[in-house]
J.: 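A single structure is presented below for examination.
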Amino acid sequence: DSGVTQTPKHLITATGQRVTLRCSPRSGDLSVYWYQQSLDQGLQFLIQYYNGEERAKGNILERFSAQQFPDLHSELNLSSLELGDSALYFCASSPFGTSGETYNEQFFGPGTRLTVL
Amino acid sequence: GDSVTQMEGPVTLSEEAFLTINCTYTATGYPSLFWYVQYPGEGLQLLLKATKADDKGSNKGFEATYRKETTSFHLEKGSVQVSDSAVYFCALSDRTGNQFYFGTGTSLTVIP
């Protein structure tokens, strides 16, 4: 158990809909990362938040957005869903910056499997 | 920019065979290097790490050495087991913590 929790575990929805995925980082970790894993594209970095602020952006579509709240949990919002958005969405957290570490080890949650019908 | 190039899979080995999964990287500065493993139906787990040149990371019989001269971090195991069947990801992190790059993953299947 990595200490990172994600809800829900599975989500089935229809095209055009909007969903919210939730992530709670490990206790004390300030950084949260979101990834999309699909069969044809591997693991794609979407976005990073550090202590409530957006820190880095990857291949995130404009239809997707994220935020990190004061209690450090994060939400990934996916809207106008398309069939191709079906994937596993992982959240990871990192202690970087909290303990003087100079490297950025990430701890992954179990993922949310999104199916768009 | 920084990147990680990982050996294409899938790889199929017999139990007790020797495993090598190649990983090379491109980075400015002095990145940290990682191997993650993803078992079927699960999230990624950190397998081992190395934070500076010549460091050797090891865990569960797996090893990888951070080679700056060849910009490589190859994963090795002397004798694989069926339970090692999984997808293995090489990754690097820059010192700022702002960027984290994963390789495409290598699927390993070990047959009895």
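Residue numbers begin at 1 in each chain, while the letters A, B, ... track the order of the sequences.
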J.: Tell me if the CZ atom of R26(A) is crowded by more than 12 foreign heavy atoms within 6.0 Å.
T.: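 Atom CZ in R26(A) is crowded, with more than 12 foreign heavy atoms closer than 6.0 Å.
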J.: Which region of Q45(B), side chain (C-beta onward) or backbone (N, CA, C, O), has a non-hydrogen atom less than 4.5 Å from a non-hydrogen atom of chain A, or is it both or neither?
T.: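 Neither part.
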J.: For Y101(B), which atoms come within 4.5 Å of any heavy atom of chain A: side chain, backbone, both, or neither?
T.: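 Contact with chain A involves no heavy atom of Y101(B) at all.
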J.: I'd like to know if K56(B) and E63(B) make a salt bridge, using a cut-off of under 4.0 Å between side-chain N and carboxylate O.
T.: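 A salt bridge links K56(B) with E63(B).
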J.: Give, as side chain, backbone, both or neither, the part of Q6(A) having an atom under 4.5 angstrom from any heavy atom of chain B.
T.: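 Q6(A) has no heavy atom closer than 4.5 Å to chain B.
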J.: Compare every heavy atom of Y25(B) with every heavy atom of P31(B), then report the nearest pair and how far apart it is.
T.: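 In terms of heavy atoms, the two residues are closest at CG-CE1, 3.9 Å.
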J.: Quick check on L44(B) against chain A: is it the side chain, the backbone, both or neither that has a heavy atom closer than 4.5 Å?
T.: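 Its backbone and side chain both get close to chain A.
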J.: Measure from the ring center of F102(B) to the ring center of Y35(A) and say whether it is less than 6.0 Å.
T.: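 Yes.
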